[in-house]
Amino acid sequence: MNTNKIIPCLWFTADGGTISKIVGYYKDVFGSDFKEGAVIPLGETPSGHTEMCEVQIFGQKYSLMSTEKEHHLLNDALSFAINCKDQREIDYYWNSFTREGEASQCGWCIDKYGLRWQVVPENMEELMNRPNAFDIMMKQTKIVIEEYLK
């Protein structure tokens, strides 16, 4: 894997503290744009069995950690924006994350592991310069590009 100076580390809770289901979930969502490293078992910690795995998503390195017992919840203070090329790509990621997660507002959603995503078109800045764009966005859960073009 390439070397990044700063690597975001995401802490999840999983049954038995095993990370394999979490890694598998994101591998299913991102397909060939997802690369996984070896699982590193950390053993028993105050949060129970713990494992780590380095992954790459679209070439960006992340460190994923899972513990058996919930320690810190993921929340809206951290989210990842996915700049999508078109409505089809927005629909794909939105449906992938909300299938077992939940929809929020303005293109935000939460996946089944509690990670927040902003699924937006890559030209969102341009769309937001259109008349009534803010009102349109505030009424949307998933971003629908066509609604900004009317």
Side-chain angles (χ1 to χ4, degrees), residues 1-2 4 6-41 47-128 130 133-150:
M1 293 192 175
N2 72 352
N4 295 83
I6 297 174
I7 301 170
C9 182
L10 304 171
W11 189 338
F12 300 92
T13 303
D15 289 336
T18 58
I19 199 153
S20 60
K21 286 185 180 179
I22 295 166
V23 169
Y25 171 76
Y26 292 113
K27 187 174 189 169
D28 285 347
V29 171
F30 294 106
S32 63
D33 294 307
F34 184 93
K35 308 277 187 267
E36 65 186 280
V39 171
I40 303 164
S47 295
H49 182 77
T50 303
E51 294 181 348
M52 292 186 77
C53 183
E54 283 193 350
V55 301
Q56 282 188 14
I57 305 172
F58 295 109
Q60 168 66 48
K61 188 185 284 188
Y62 298 89
S63 180
L64 306 182
M65 182 170 67
S66 65
T67 55
E68 187 173 7
K69 299 175 192 164
E70 192 168 77
H71 189 74
H72 294 291
L73 293 174
L74 295 169
N75 63 44
D76 287 343
L78 173 75
S79 66
F80 291 104
I82 299 181
N83 294 306
C84 300
K85 63 184 174 194
D86 55 26
Q87 190 67 50
R88 183 173 163 219
E89 193 172 34
I90 289 170
D91 294 346
Y92 170 77
Y93 286 114
W94 184 266
N95 293 338
S96 294
F97 295 136
T98 60
R99 184 173 300 116
E100 296 179 71
E102 63 183 86
S104 189
Q105 185 178 0
C106 306
W108 284 60
C109 60
I110 304 168
D111 72 26
K112 74 186 240 176
Y113 290 106
L115 192 58
R116 274 58 170 178
W117 297 91
Q118 298 176 53
V119 183
V120 296
E122 57 189 24
N123 67 336
M124 190 67 182
E125 182 178 344
E126 176 187 324
L127 294 175
M128 290 305 295
R130 299 184 64 86
F134 182 77
D135 294 333
I136 293 167
M137 182 185 66
M138 293 304 291
K139 293 176 185 172
Q140 294 180 327
T141 53
K142 177 180 72 175
I143 298 295
V144 178
I145 296 170
E146 185 178 301
E147 292 178 12
Y148 293 85
L149 304 177
K150 293 178 183 179

>> Rounded to the nearest 0.5 Å, what separates atom CG in L74 from atom NE2 in H72?
In response: 11.0 Å

>> Quick one, V39 with S20, criterion side-chain contact (heavy atoms from CB on, under 4.5 Å). Give me CA distance, side-chain angles, the key distance, then yes/no.
In response: CA-CA 8 Å; V39 171; S20 60; 5.7 Å; no

> Any idea which heavy atoms bring E36 and V23 closest together, and the distance?
Replying inline: OE1-CG1, 3.6 Å

> Does any non-hydrogen side-chain atom of M137 lie less than 4.5 Å from one of I143?
Replying inline: yes

> What's the shortest heavy-atom distance between T141 and A103, and which atoms?
Replying inline: CB-CB, 4.4 Å

> Which value, rounded to the nearest 0.5 Å, describes the distance between T50 atom OG1 and W11 atom CH2?
Replying inline: 7.5 Å

>> Could you check whether any side-chain heavy atom of D91 comes within less than 4.5 Å of a side-chain heavy atom of K142, counting everything from C-beta outward?
In response: yes

> Any donor and acceptor pair, going by atom type alone, linking the side chain of E51 with main-chain N or O of I19 inside 3.5 Å?
Replying inline: yes

> Shortest non-hydrogen contact from M52 to C9?
Replying inline: CE-SG, 4.2 Å

>> Please evaluate residues Y62 and F80 with respect to the criterion ring-ring contact (aromatic ring centres under 6.0 Å, His included), reporting the C-alpha separation (whole Å), side-chain torsions for both, the decisive distance (0.1 Å), and the verdict.
In response: CA-CA 12 Å; Y62 298 89; F80 291 104; 5.5 Å; yes

>> Quick check for you: to the nearest 0.5 Å, what is the distance between I136 atom CD1 and K150 atom NZ?
In response: 8.5 Å

> Nearest 0.5 Å, what's the CH2-CG distance between W117 and D111?
Replying inline: 6.5 Å

> With distance as the sole test, does S66 use its side chain to make a donor-acceptor pair with the main-chain N or O of G17 at under 3.5 Å?
Replying inline: yes

>> So which atom in T67 and which in K69 form the shortest heavy-atom distance, rounded to 0.1 Å?
In response: OG1-O, 3.0 Å

> Can you tell me if CG on D15 sees more than 12 non-hydrogen neighbours from other groups inside 6.0 Å?
Replying inline: no

>> Checking the side chain of Q87 only, and the main-chain atoms of I145 only, is there a donor and an acceptor separated by less than 3.5 Å?
In response: yes

> Hey, what's the ring geometry for Y26 with Y113, parallel, tilted or perpendicular (30° and 60° as the breaks)?
Replying inline: tilted

>> How long is the straight-line distance from CD1 of I40 back to SG of C53, given to the nearest 0.5 Å?
In response: 7.0 Å

> Just by distance, do the side chain of S79 and the backbone of A77 share a donor-acceptor pair under 3.5 Å?
Replying inline: no

> Taking side chain as C-beta onward, heavy atoms only, is V120 less than 4.5 Å from N83?
Replying inline: yes

>> How close do S104 and W94 get, counting heavy atoms only, and between which atoms?
In response: N-CH2, 4.2 Å

> Taking all non-hydrogen atoms of both residues, which atom of F12 and which atom of L64 are closest, and how far apart?
Replying inline: CE1-CD2, 3.8 Å

> Is Q118 close to R116 at the side-chain level, that is, under 4.5 Å between some pair of heavy atoms?
Replying inline: no

> For M138, does its backbone N or O pair with a side-chain atom of Q105 as donor and acceptor, under 3.5 Å?
Replying inline: yes

>> What I'd like to find out is whether the side chain of P8 reaches to under 4.5 Å of the side chain of Q60, using heavy atoms alone.
In response: yes

>> Test side-chain contact (heavy atoms from CB on, under 4.5 Å) on L149 and L127; report intermediate values, then the result.
In response: CA-CA 8 Å; L149 304 177; L127 294 175; 3.9 Å; yes

>> Treating E122 as the side-chain partner and D86 as the backbone partner, does any N or O pair qualify as donor plus acceptor under 3.5 Å?
In response: no

>> Quick one, Y148 with Q140, criterion side-chain hydrogen bond (donor to acceptor under 3.5 Å, both in side chains). Give me CA distance, side-chain angles, the key distance, then yes/no.
In response: CA-CA 11 Å; Y148 293 85; Q140 294 180 327; 2.8 Å; yes

>> Using 30° and 60° as the class boundaries, would you call the ring planes of F30 and F58 parallel, tilted or perpendicular?
In response: perpendicular

> How long is the span from the CE atom in M124 to the SG atom in C84, to the nearest 0.5 Å?
Replying inline: 11.0 Å

